[in-house]
Amino acid sequence: MTEPLLSVENLHTHFETYDGTVHAVNGVSFEIGPGEIVGIVGESGSGKSVTALSTMRLEDPGRIVEGSIRFRGTELTTATDRDIRQLRGGGLSMVFQDPMTTLNPVFTVSEQIVESLKVHDNPEAQTLREYLRIPFFHDRTDWRKKRERVVELMEEVGIPNPAERLDAYPHEFSGGMRQRAMLAIALASEPDLLIADEPTTALDVTIQAQILKIIARLREERGMSVVMITHDLGVVADICDRVIVMYGGEIMEHGPVEQIIRNPQHPYTQALLECMPQGTQRKEKLETIDGQVPAQLGGITGCPFASRCDYTHDICWSGDMPTVDCGENHQAKCCELQRVNDGENATHSSNTGGTL
Ligand SMILES: Nc1ncnc2c1ncn2[C@@H]1O[C@H](COP(=O)(O)OP(=O)(O)OP(=O)(O)O)[C@@H](O)[C@H]1O
């Protein structure tokens, strides 16, 4: 891979709660190259969003307690608020799942796109309140230029008749249009890296496919990198180059999308793929993974998936899991996999069958 745009190393993010410390992200490391689309998948609570928010330094009230996040060579964990604002205004953008909670209902969509253009031009003005101290437009030429740019951005994300929608408020947009508007706001700052957190989860499949197509096109046209956070391996198969599978705040497996989908090595990835609805007969019940995502209070010892895994060994409950190289930039963190690869014949502490 060429020089990475983003490099996350041994990231640990904690939340202090009344019940104790939640270890939301535990030793996560990955890189994103220029123009790559990388998916982060896993069940709810596996640490995908906290990893993304930490990367944007939006982890508040969480805390990055260890690790390094380098974006275009700048260390973000120790960067000043000013540096972070500059990066958000011109390098890093994020799109969230629910545009209704992120779009401001009292401003028109176009005003919010203009705000993002302004933040890009003037990264010190970060919040709407701060921003409002600055006039929306310097003069009529600036006003016209900005409105033209807003129309272009709306067109780019597939909002029909943008010139007629310049005075529309978020509630006048459909769910799919609002998500497109969020994308336009994120793109206004011309990011090198777009972090999209479940951008299509709330949308029907047709609109989901349209939004994914737009994201794929933007990567082609702008050379933008994308981190796509999703529950849905179908989304990953559609547009990602590589995939990171997270569970219990850790990376279980990562590799090229073809490899992970056709030849998953970690029992958790295998279980996730078995739960995909594709190929299921109409009346057949969908598979689920027995058990639940572990509470991450006080941290997890051993493999976070051990309590739901069919292949556990004693070491899975207490030891560090080995990272097994599966070739072609494909790695999985699993001691059963290492045992199989080494050709050992260890006995399982519990085994309900199946082969890796
Ligand atoms: N503000 C918070 N305070 C305490 N714990 C938190 C907070 N935010 C997240 N967590 C915990 O961190 C862990 C990881 O959460 P995260 O939101 O990253 O999961 P996720 O994989 O993105 O799930 P989802 O798909 O539902 O968004 C979970 O155990 C969650 O309960």
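Quick caveat, the model's predicted, so the values are computed rather than measured. All ligand and atom numbering here is 1-based and tracks the order in the structure.
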Visitor: Quick one: sort the Tyr268 and Tyr247 rings into parallel, tilted or perpendicular, breaks at 30° and 60°.
Guide: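 Judged by the thresholds at 30° and 60°, the geometry between Tyr268 and Tyr247 is tilted.
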Visitor: Atoms of ligand 1 less than 4.0 Å from Ser46 heavy atoms?
Guide: 19 (O), 20 (P), 21 (O)
Visitor: According to the interplanar angle, ranging from 0 to 90°, do the rings of His171 and Tyr169 count as parallel (below 30°), tilted (30 to 60°) or perpendicular (above 60°)?
Guide: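 Parallel.
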Visitor: Would Thr51 count as a polar contact of ligand 1, with the cut-off being nitrogen or oxygen pairs under 3.5 Å?
Guide: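 So ligand 1 has no N or O lying under 3.5 Å from an N or O of Thr51.
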Visitor: Any donor and acceptor pair, going by atom type alone, linking the side chain of Arg63 with main-chain N or O of His14 inside 3.5 Å?
Guide: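 Answer holds: no.
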Visitor: Tell me whether Thr17 has any N or O atom under 3.5 angstrom from an N or O of ligand 1.
Guide: no
Visitor: For ligand 1, find out whether one of its N or O atoms is nearer than 3.5 Å to an N or O atom of Gly47.
Guide: yes
Visitor: Within the side chain of Ser7, is there an N or O that forms a donor-acceptor pair under 3.5 Å with the backbone of Glu31?
Guide: no
Visitor: Would you check if Asp83 and Thr80 make a side-chain contact, meaning some heavy-atom pair closer than 4.5 Å?
Guide: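 Of all side-chain heavy-atom pairs linking Thr80 with Asp83, at least one is under 4.5 Å.
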Visitor: Give yes if a backbone or side-chain nitrogen or oxygen of Val50 is under 3.5 Å from a nitrogen or oxygen of ligand 1, and no if not.
Guide: yes
Visitor: Check whether any heavy atom of Glu198 sits under 4.0 Å from an atom of ligand 1.
Guide: yes
Visitor: Which of the numbered atoms in ligand 1 are below 4.0 angstrom from a heavy atom of His231?
Guide: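 Ligand 1 atoms under the 4.0 Å threshold to His231: 25 (O).
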Visitor: Counting distance only, does the side-chain N/O of Glu253 pair as donor-acceptor with the main-chain N or O of Gln265 below 3.5 Å?
Guide: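 Judged by distance alone, yes, a pair lies under 3.5 Å.
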Visitor: Taking atom types as modelled, find out whether Gln179 and Thr200 have a side-chain donor-acceptor pair closer than 3.5 angstrom.
Guide: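 No, because no side-chain N or O of Gln179 sits under 3.5 Å from a partner of the opposite role on Thr200.
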Visitor: Which of the atoms of ligand 1 are close to Glu43, meaning less than 4.0 Å from one of its heavy atoms?
Guide: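 That gives atoms 21 (O) of ligand 1.
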Visitor: Determine whether Cys303 and Cys335 make a side-chain contact, defined as any pair of heavy atoms from C-beta on separated by less than 4.5 Å.
Guide: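 No, their side chains stay 4.5 Å or more apart.
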Visitor: Which one of Ser49, Gly42, Ala24 has a non-hydrogen atom at the shortest distance from atom 22 (O) of ligand 1?
Guide: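 Selected option, by shortest heavy-atom distance: Ser49.
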Visitor: Pick whichever of Tyr247, Phe15, Tyr18 has a heavy atom sitting closest to atom 3 (N) of ligand 1.
Guide: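 Selected option, by shortest heavy-atom distance: Phe15.
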Visitor: Could you tell me whether some N/O pair between Gly45 and ligand 1 is separated by less than 3.5 angstrom?
Guide: yes
